[in-house]
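Here is the structure we will look at.
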Amino acid sequence: TDRGEQTPGIEQAVAERLRSLGYEVHTDIGCSGYRIGLGVVDARNKATYRLGIVCDGANYHRTKTVRDREIVQGSVLHMLGWRIFRLWTLDWWEKPDEVLAAIVQAIESDEALPSPSIPPRREPELKAVPTIEPQVPLVAEPITHCQEYVITELKSGRYKADAFFEARSAAVLREQAKRIAELEAPICKSLLVKRMLSEWGISRVTKRMELPLAIACDEAGLFKSFPEEEVVYWLNSDQWEHYEGYRTAAGRTANELPPEEVANAVKHITEASLRLALPDLVKGCSKAFGFTRTTAAVDAAMRRGVEEAIRRGFIVVDGEMVKPA
């Protein structure tokens with residue numbers, strides 16, 4: 001029998017057994033590649049789930065890669081606060097009572113669940129993960145999850161500040177803009193300028209500096225976008241049109257995150273849940289970028305990303321609730 005046909009039967013069977021024990025259970029939660037087969041409602045807070053149960057059915061096998069199934073999916077769900085129990089089909093059919101006992105134990109436990117109590121049955125493809133995965137370059141497949149932010153190596157005082165306005169410095173500024181953008185685009189104008197000026201030993205941009213800096217970025221062939229009037233520089237228009245990723249904040253402040261990049265994180269996180277409260281989405285995005293506290297500046301940056309995600313048609317907001325478009 002096809003796995004896609006098995007899963008609904010298993011989910012229904014598990015749900016019925018749990019309901020017979022007094023648990024409230026919802027099925028088929030979420031959307032896209034992050035669908036959760038069963039959700040056990042928290043008896044103490046009916047608005048949340050105590051445990052999510054992910055089955056190895058059709059949705060699991062439709063997920064493009066091992067990375068998406070085993071790493072990306074799990075990390076996003078955990079980031080959103082889900083405690084996940086992975087249920088394997090053959091384990092349930094061979095020893096349902098043991099699996100049920102493990103599920104109940106997981107429901108009642110307050111501990112995190114990095115893996116189920118019942119050892120999973122791995123397929124040959126999954127056994128190859130430890131040796132194959134490190135060799136897979138991140139750029140070889142669409143960027144659909146959080147990447148490390150690569151910072152350009154800069155040398156403070158490389159150029160003389162008193163030569164900044166000389167005609168020959170125009171070529172230097174142009175080279176700087178291109179060199180930094182090649183590693184860090186998309187990059188907000190304020191951050192790009194700060195990076196460039198650091199090599200001149202200049203800590204503050206003046207009105208007089210704005211024109212040569214803008215000319216340098218234009219002559220470097222960089223593409224500009226204007227989300228909410230915050231200029232963001234891209235390597236070219238093609239990058240702007242097809243960019244789907246987001247990166248850790250690294251040395252960036254919340255105000256230095258391109259709204260388009262935050263919008264991608266919003267889309268990615270929202271697709272892991274059928275409905276998500278806006279404050280929870282903001283908190284999840286903050287964590288995705290590596291912020292330990294959701295300060296006023298971080299909150300504002302995440303909400304700018306939410307607005308950009310709405311403009312791009314990624315999400316729909318209904319009051320305080322957010323769902324994928």
Side-chain angles (χ1 to χ4, degrees), residues 30 34 36 42 44-45 47-52 67-68 70-84 109-115 138 143-154 183-192 194-195 198 203 227-228 230 232 243-273 275-310 314-315 317 320-322:
Y34 304 98
I36 297 174
D42 191 338
R44 293 169 293 185
N45 182 0
T48 63
Y49 290 101
R50 182 70 178 164
L51 183 72
R67 179 202 302 266
D68 290 335
E70 298 298 296
I71 300 174
V72 178
Q73 185 186 65
S75 64
V76 171
L77 293 175
H78 282 294
M79 182 173 63
L80 290 171
W82 279 97
R83 297 172 64 251
I84 296 298
S109 172
D110 289 324
E111 297 179 1
L113 295 174
S115 60
L138 294 177
I143 301 175
T144 55
H145 57 284
C146 193
Q147 305 290 304
E148 289 297 323
Y149 186 82
V150 180
I151 301 176
T152 310
E153 290 188 14
L154 302 173
L183 283 180
E184 302 187 41
I187 180 171
C188 286
K189 175 185 175 182
S190 57
L191 181 57
L192 177 59
K194 183 168 71 175
R195 292 266 201 266
S198 70
S203 58
E228 292 191 356
E230 168 64 77
V232 177
Y243 189 70
E244 298 179 351
Y246 60 99
R247 303 159 294 176
T248 55
R252 300 181 292 176
T253 66
N255 291 331
E256 292 169 340
L257 298 178
E260 296 102 329
E261 191 172 340
V262 180
N264 288 340
V266 169
K267 177 184 178 183
H268 186 66
I269 291 172
T270 305
E271 286 179 345
S273 177
R275 288 171 61 84
L276 190 65
L278 182 56
D280 292 336
L281 175 58
V282 169
K283 183 177 179 181
C285 283
S286 301
K287 289 183 178 179
F289 284 100
F291 295 108
T292 55
R293 295 188 304 116
T294 307
T295 62
V298 172
D299 183 88
M302 298 305 112
R303 290 177 185 270
R304 283 195 295 272
V306 170
E307 291 298 322
E308 182 65 19
I310 294 172
F314 293 163
I315 60 173
V317 178
E320 280 292 292
M321 301 302 295
V322 183

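Residue numbers count from 1 along this sequence.
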Sorted by chain and number, sequence neighbours left out, side-chain hydrogen bond (donor to acceptor under 3.5 Å, both in side chains) with Glu184 holds for Tyr149, Thr152, Arg195
Point-to-point distance, once rounded to the nearest 0.5 Å, from CG of Leu191 to OG1 of Thr253 | 7.5 Å
Contact summary for Arg293 and Val298, nearest pair of heavy atoms = O-CG2, 4.0 Å
Residues that Lys267 engages under side-chain contact (heavy atoms from CB on, under 4.5 Å), provided they are two or more places apart = Glu271, Phe314
Partners meeting side-chain contact (heavy atoms from CB on, under 4.5 Å) with Arg44 (sequence neighbours left out) | Asp42, Arg50, Asp110
Step-by-step side chain to side chain contact (heavy atoms under 4.5 Å, CB included) determination, Arg304 to Glu230 | CA-CA 11 Å; Arg304 283 195 295 272; Glu230 168 64 77; over 6 Å; no
Step by step, would you call Met302 with Leu257 a side chain to side chain contact (heavy atoms under 4.5 Å, CB included)?
-> CA-CA 9 Å; Met302 298 305 112; Leu257 298 178; 3.7 Å; yes
Validation row: Cys146, Lys287 side chains within 4.5 angstrom (heavy atoms) | no
Between Glu308 and Val262, is there a donor-acceptor pair closer than 3.5 Å when you use the side chain of the first and the backbone of the second?
-> no
To the nearest 0.5 Å, tell me how far Ile187 CD1 sits from Leu192 CG.
-> 5.0 Å
Which heavy atom of Val232 sits nearest a heavy atom of Pro186, and at what distance?
-> CG1-CB, 3.9 Å
Ala277: side-chain contact (heavy atoms from CB on, under 4.5 Å) partners, not counting sequence neighbours | Pro279, Asp280, Met321
Here the pair of heavy atoms bringing Cys285 nearest to Ala265 is SG-C, 4.3 Å
Can you name the closest pair of heavy atoms from Ala309 and Ala263 and give their distance?
-> N-CB, 3.7 Å
When you look at Tyr243 and Glu260, which way does the side chain to side chain contact (heavy atoms under 4.5 Å, CB included) test go after all the steps?
-> CA-CA 9 Å; Tyr243 189 70; Glu260 296 102 329; 5.9 Å; no
Spacing of CG belonging to Leu278 relative to CZ belonging to Arg303, to within rounding of 0.5 Å | 4.5 Å
From Glu261 CD over to Cys188 SG, what is the distance, rounded to the nearest 0.5 angstrom?
-> 8.5 Å
Identify whether the distance between the nearest side-chain nitrogen and carboxylate oxygen of Glu256 and Lys194 falls below 4.0 Å.
-> yes
At what distance, to the nearest 0.5 angstrom, does CG of Asn264 lie from CD of Glu244?
-> 7.0 Å
Under the side chain to side chain contact (heavy atoms under 4.5 Å, CB included) rule, what do Ile310 and Ile315 come out as? Steps first, then yes or no, please.
-> CA-CA 5 Å; Ile310 294 172; Ile315 60 173; 3.8 Å; yes
Least distance between heavy atoms, Gly251 atom then Ile151 atom = N-CD1, 4.0 Å
